[in-house]
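Take a look at the structure below.
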Amino acid sequence: MAFEWLNRFHRETEKDPRYAERTLAAYRLGMKAKGSIVGVRIETAPGCCALAAGLDPGRVHDPATAPRLPLEGCPRGRRCTCVYRPVMSYAGTEER
């Protein structure tokens with residue numbers, strides 16, 4: 001994958017305490033501006049905590065109500081490897 005380095009960076013970097021609020025706010029703004037974002041999903045990594053492993057990987061969340069990362073009780077805390085990914089819609093088709 002061409003952007004594998006970016007995926008690694010997002011997963012390995014300690015999350016800012018405001019990671020969830022800032023990231024989800026940006027996605028909400030994109031949706032409000034009538035962009036291609038239709039929601040967000042939580043992308044887990046191999047070896048993630050049991051809480052994250054229990055999430056539905058295909059579920060599309062509204063950024064206003066999406067679970068906050070790191071998940072409450074995640075043993076990795078701000079070193080959580082889960083990330084938000086936008087779900088895009090192009091010409092009426094969702095890309096996941």
Side-chain angles (χ1 to χ4, degrees):
M1 174 187 256
F3 292 102
E4 188 55 39
W5 66 271
L6 186 57
N7 282 329
R8 261 193 329 277
F9 175 79
H10 285 157
R11 292 183 185 287
E12 295 171 3
T13 302
E14 185 173 307
K15 289 180 174 40
D16 181 280
R18 295 163 298 180
Y19 168 74
E21 286 71 30
R22 287 182 173 182
T23 304
L24 294 171
Y27 291 141
R28 276 194 307 273
L29 206 68
M31 290 172 72
K32 186 177 179 180
K34 305 293 184 215
S36 298
I37 298 172
V38 296
V40 298
R41 65 182 170 82
I42 296 175
E43 188 175 278
T44 60
C48 64
C49 73
L51 297 166
L55 295 173
D56 176 356
R59 180 162 179 203
V60 178
H61 300 274
D62 181 299
T65 58
R68 298 311 193 244
L69 295 178
L71 296 172
E72 189 172 328
C74 175
R76 295 183 183 186
R78 290 178 37 204
R79 288 258 178 228
C80 170
T81 56
C82 297
V83 293
Y84 295 111
R85 294 290 185 235
V87 177
M88 310 297 285
S89 175
Y90 300 105
T93 349
E94 284 187 13
E95 179 183 289
R96 294 181 187 202

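Computed from a predicted structure; not experimentally measured. Heads up: numbering here begins at 1 and tracks the sequence.
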side-chain contact (heavy atoms from CB on, under 4.5 Å) between I37 and M88, worked out: CA-CA 5 Å; I37 298 172; M88 310 297 285; 3.6 Å; yes

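Nearest heavy atom pair, residue R11 against residue C82, reads NH1-CA, 4.3 Å. Here the shortest heavy-atom pairing between V60 and V38 reads CG1-O, 4.2 Å. Listed here is the closest heavy atom pair of G39 and P63: CA-CD, 4.4 Å. Of all heavy-atom pairs spanning E14 and R79, the tightest one is N-NH1, 3.5 Å.
To the nearest 0.5 angstrom, L55 atom CG is 8.0 Å from C48 atom SG.
For H10, the side chain to side chain contact (heavy atoms under 4.5 Å, CB included) partners are L6, V83, R85, not counting sequence neighbours. With sequence neighbours excluded, the residues forming a side chain to side chain donor-acceptor pair (under 3.5 Å) with R76 are T81, listed by chain and number.
For R41 (side chain) and Y84 (main-chain N/O), no donor-acceptor pair under 3.5 Å exists by modelled atom type. With hydrogens and angles ignored, the 3.5 Å screen pairs a side-chain donor or acceptor of R68 with a backbone N or O of A66.
Partner of L24 under the side-chain contact (heavy atoms from CB on, under 4.5 Å) criterion, chosen from T65, L69, V40, D62: V40.
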